[in-house]
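Input: a single structure, listed below in structure tokens.
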Number of protein chains: 2
Amino acid sequence: MSSSHQPHRAGDLLFLKRLNRSTILELVRRTPGLTRADIATQAQLTKATVGGGVQSLLEQGWLCEGELQKSSGGRPGRALHLNEQRFAMLGAEVGVHGLRLVACTPSGRVLESLNERLPLSSPEVAAERLAELLQTLMQSPSLDGYHLLGTGIALPGPVAPEDAILRVAPNLGWREVRFLDLLHAHLPRQDTIWVMENEAKSAAFGELYFRTGSIPASLVYISAGTGIGSGMVEGNRLPLLSRGHQGLAGEIGHTVLQPGGLYCHCGNRGCAETLVSGWSIRAALGINEEEDLIEAIQPRLQEPQVQLTLRRAGEALGALILNLHHTQNPSEIVLGGSLVRLGGPFLEPALAYFRDNQARLLSDSRPVPLRVIEDATLVAARGAAAQVLANVIHGSNELL
Amino acid sequence: MSSSHQPHRAGDLLFLKRLNRSTILELVRRTPGLTRADIATQAQLTKATVGGGVQSLLEQGWLCEGELQKSSGGRPGRALHLNEQRFAMLGAEVGVHGLRLVACTPSGRVLESLNERLPLSSPEVAAERLAELLQTLMQSPSLDGYHLLGTGIALPGPVAPEDAILRVAPNLGWREVRFLDLLHAHLPRQDTIWVMENEAKSAAFGELYFRTGSIPASLVYISAGTGIGSGMVEGNRLPLLSRGHQGLAGEIGHTVLQPGGLYCHCGNRGCAETLVSGWSIRAALGINEEEDLIEAIQPRLQEPQVQLTLRRAGEALGALILNLHHTQNPSEIVLGGSLVRLGGPFLEPALAYFRDNQARLLSDSRPVPLRVIEDATLVAARGAAAQVLANVIHGSNELL
DNA sequence: GTAACTTAGTTTTTTCTTTTTACTAAGTGG
DNA sequence: CCACTTAGTAAAAAGAAAAAACTAAGTTAC
């Protein structure tokens with residue numbers, strides 16, 4: 001969301017100060033254990049400036065001091081870490097089959113989570129229930145003493161940038177929903193940050209943002225569930241989400257993969273979702289909406305028709321991944337979503353297709369890493385929480 | 001190339017000063033005729049700061065003062081413009097069929113251009129000839145009195161970010177070419193900026209960067225010629241090119257559009273280029289490499305086979321554009337390249353496909369603007385020059 | 001015509017943040 | 001134990017933008 005459509009920020013001294021504070025905090029966040037001297041080197045600031053900045057970040061409770069580092073012939077520096085006891089963010093995902101909530105620390109550690117199945121319902125009902133669960137989560141004992149920075153909401157559909165409107169959620173049957181407004185009817189804003197973003201984009205953000213050590217320059221998260229979506233985040237200094245003009249960036253489920261192919265829900269023909277998605281697999285195998293897809297397929301895995309369907313779907317997913325490779329070319333690809341649980345018969349063809357074809361153009365010896373997340377339950381909710389933190393650290397608010 | 005892999009820049013006072021100078025220059029560049037007061041409002045700086053910044057930019061020759069604005073009940077402000085007499089950038093495109101060179105002013109006005117056909121040749125030969133032509137261009141009388149900021153080179157293939165290596169140029173048969181090094185064997189660096197980038201990405205950059213007035217938040221340029229490539233540029237403050245991890249971002253010609261389809265040059269099956277590209281159309285219609293594609297087709301436009309081929313290719317292009325819409329979702333799409341000259345029989349199906357299908361997901365009343373560039377001869381070269389200027393204004397060099 | 005008002009831009013002083021410089025702290029190695 | 005190295009702090013200096021006061025140059029009301 002970030003909003004703030006002002007193209008240029010004021011370049012005053014306060015801005016400079018905050019920029020340096022945010023730089024320091026960001027460096028420690030990425031590589032825990034840094035000393036003041038390390039920061040001075042990496043940020044190209046003087047020791048004095050870093051010392052002052054660290055001082056104020058310690059006082060505000062963002063950082064805490066750790067052990068003395070090993071010395072290499074001089075006074076040892078003192079390690080700095082994110083303070084894990086002071087601030088927390090909430091994140092929630094509104095999914096097709098339920099609500100997932102997390103509370104996590106600035107390093108991404110999950111303090112508490114909730115997972116509730118909820119049948120398909122109206123935006124109003126979902127918002128009311130989510131508000132209740134958020135209240136519950138906030139009062140959880142494991143959050144005692146934490147100052148809550150804000151709440152991020154992940155939704156299964158394109159969210160218009162700047163507007164905080166969920167444009168459409170095909171699998172929920174929602175359209176043009178101002179979900180945050182609905183939520184605030186039951187839960188006060190309370191001067192904290194509220195972020196609302198697409199589910200796959202949130203997941204992508206969290207997967208990159210909470211990484212420490214060697215951080216990929218860019219990352220694509222593919223969310224394969226009832227529908228198929230993706231999100232891309234990149235940028236070295238501040239991680240930026242590719243949202244697109246109308247929030248449609250990453251809607252790979254509706255890229256054409258077979259011109260003149262089957263009709264898709266969206267009305268076009270040959271969309272990727274007609275080949276690979278929860279709903280297309282259900283349709284091909286005659287599995288009811290009420291049944292759990294995975295549970296229904298598990299006992300039928302030996303049937304040739306099931307195997308063929310899964311292989312075809314997997315190959316289509318492989319082509320989709322390859323297409324992302326050739327349009328966005330991320331440094332890393334992460335695959336999550338409920339379809340991952342279909343396992344080898346579905347995943348192997350996908351991975352094989354990408355593995356065999358990704359080096360067609362470039363004979364690059366180092367293939368792009370592709371990681372499969374077995375349990376992606378909390379990924380999107382956690383990523384929504386991540387965006388709250390990023391908003392605080394990089395945003396123009398007064399919290400830092 | 002931008003390079004400078006340092007993740008964080010020093011936040012000292014000089015940095016702040018340069019940031020504000022660059023902000024001022026950027027604002028005037030985007031909306032010529034701004035007054036100091038306008039800038040102060042938009043940049044959220046005080047009149048005094050803007051006054052000082054403008055002063056130094058006037059002295060350095062970046063800006064010049066224009067007419068008095070109309071007054072609305074007070075002292076009229078003085079319009080500021082880019083100085084078009086002082087600085088210039090060179091840009092060149094190495095294409096499959098020849099070399100194109102331009103010299104242009106900071107506003108993008110072309111001072112001089114060269115266009116030379118060159119048969120397919122080695123990187124060394126091309127570099128030597130390009131060096132000669134650059135020399136010629138630099139000595140052109142219309143560049144008298146101009147200070148040259150640098151030179152940008154656009155190449156028909158993926159360029160690795162940070163490395164200045166052309167990874168591969170399929171239609172030239174080149175691989176792993178350090179083109180700038182070859183060029184510098186014949187032409188000294190001379191303390192100016194050198195930029196090397198993919199051709200479609202360069203074009204995209206130039207199309208966005210030289211725009212004034214209402215500037216789209218993001219733009220995709222599609223280059224449809226012998227092969228098909230694209231480039232995306234976005235970002236409000238400083239325009240950022242999506243390069244991708246290995247420079248493969250935008251290689252839409254090798255996205256799979258028909259799994260199990262025809263074999264592509266790259267070895268994979270069903271790539272978009274097997275359906276729409278200069279080479280696939282030649283193959284379908286039996287047109288020799290030596291003939292000019294457009295000239296060969298023109299007299300045969302009434303043949304049903306030609307019409308069918310062009311329509312099929314156009315529809316594939318339409319699907320490609322729709323796929324970009326659903327993966328990148330740019331605010332604007334620009335279509336250029338030699339295939340544009342095929343005209344209606346090719347373009348109409350493409351535009352119709354995109355027009356009819358782009359609102360499937362969102363019933364957005366305002367469709368994404370799609371502009372066709374009739375004569376894209378100089379677009380990539382000009383865009384390469386644009387990157388030089390952007391490097392000066394936003395980069396960390398001392399020129400500002 | 002002129003005084004009141006409005007807006008543009010500059011000059012001067014003040015404020016604030018970083019750097020510079022000098023210093024203290026705390027380890028290693030001969 | 002003493003030189004040496006590196007980490008971090010403190011006080012003085014430099015430099016940038018802000019704030020306030022000012023001049024400049026138009027319009028509007030009467």
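Worth knowing before you read on, the calculation uses all heavy atoms, side chains too, and leaves out hydrogens, waters and symmetry mates. Throughout, a chain's letter reflects where its sequence line sits, starting with A, and its residues are numbered from 1.
- Rounded to 10°, the helix from dG1(C)-dC30(D) to dT17(C)-dA14(D) has 10° between the axis fitted to its first five pairs and the one fitted to its last five.
- Remark: Arg36(B) is in phosphate contact with dT10(C), judged by side-chain N or O atoms under 4.0 Å from OP1 or OP2.
- Rounded to an integer number of Å, the gap from Gln55(B) CD to dA17(D) C1' is 16 Å.
- When atom types are taken as modelled, the side chain of Lys201(A) and the backbone of Gly247(A) share a donor-acceptor pair closer than 3.5 angstrom.
- Not a single donor-acceptor pair under 3.5 Å links the side chain of Arg109(A) to the backbone N or O of Cys104(A).
- Residue Ser72(B) is the one, among Ser72(B) and Val50(B), whose nearest nucleotide of DNA chain C lies closer to the 5' end (criterion: closest heavy atom).
- Atom CG of Leu14(B) is separated from atom P of dA13(D) by 22 Å (rounded to the nearest Å).
- Using modelled atom types, one finds no donor on one side chain facing an acceptor on the other under 3.5 Å when comparing Thr35(A) with Gln69(A).
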Inset, instruction - Starting from the C-alpha separation in whole Å, work towards a yes-or-no answer on salt bridge (Lys or Arg N to Asp or Glu O under 4.0 Å) for Arg36(B) and Glu65(B). - result: CA-CA 10 Å; Arg36(B) 290 169 175 78; Glu65(B) 290 187 308; 2.9 Å; yes
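- For the pair Arg18(B) CZ and dG15(D) P, the computed distance is 15 Å after rounding to whole Å.
- Here the side chain of Ala48(B) is nearest to one of dA17(D), dT11(C), dG9(C), namely dT11(C).
- In this model, the phosphate group of dT19(C) is approached by a side-chain N or O of Thr49(A) to a distance below 4.0 Å at OP1 or OP2.
- As a whole-Å value, the separation of Leu58(A) CG from dT9(D) P is 9 Å.
- When the C1' atom of dA7(D) is taken as reference, atom CD of Gln42(A) falls 16 Å away, rounded to whole Å.
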What pairs of nitrogen or oxygen atoms, one from the protein and one from nucleotides 24-26 of chain C, lie under 3.5 Å apart?
{"unit_1": "dA25(C)", "atom_1": "O4'", "unit_2": "Arg75(A)", "atom_2": "NH1", "d": "3.4"}
{"unit_1": "dA25(C)", "atom_1": "N3", "unit_2": "Arg75(A)", "atom_2": "NH1", "d": "3.4"}
{"unit_1": "dA26(C)", "atom_1": "N3", "unit_2": "Arg75(A)", "atom_2": "N", "d": "3.3"}

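- When the side-chain nitrogen and oxygen atoms of Asn20(B) are compared with OP1 and OP2 of dA16(D), none of them lie within a distance under 4.0 Å.
- Between Arg78(A) atom CZ and dT9(D) atom P there is a gap of 10 Å when expressed in whole angstrom units.
- In this structure, the CG atom of Asp38(A) is 13 Å from the P atom of dT6(D), given to the nearest Å.
- When the P atom of dT17(C) is taken as reference, atom CG of Leu19(B) falls 17 Å away, rounded to whole Å.
- Within the 4.0 Å cut-off from OP1 or OP2 of dA7(D), not a single side-chain nitrogen or oxygen of Lys47(A) is found.
- Neither side chain, Arg29(B) nor Ser107(B), offers a donor N or O lying under 3.5 Å from an acceptor on the other.
- In the set dG9(C), dT15(C), dT19(C), the nucleotide with an atom closest to the side chain of Thr46(A) is dT19(C).
- Under 4.0 angstrom from either OP1 or OP2 of dA25(D) there lies no side-chain N or O belonging to Ser71(B).
- Side-chain contact, Gln387(B) with Ser202(B): a donor N or O sits under 3.5 Å from an acceptor N or O.
- Residues Val233(B) and Pro239(B) approach most closely at CG2-CB, 3.9 Å, considering heavy atoms.
- Within a 6.0 Å radius of CZ in Arg371(B), other residues, nucleotides and ligands contribute more than 12 heavy atoms.
- No more than 12 heavy atoms of other residues, nucleotides or ligands shown are found within 6.0 angstrom of CZ on Arg178(A).
- Using a 4.5 Å cut-off on side-chain heavy atoms (C-beta onward), Thr105(B) and Leu111(B) make contact.
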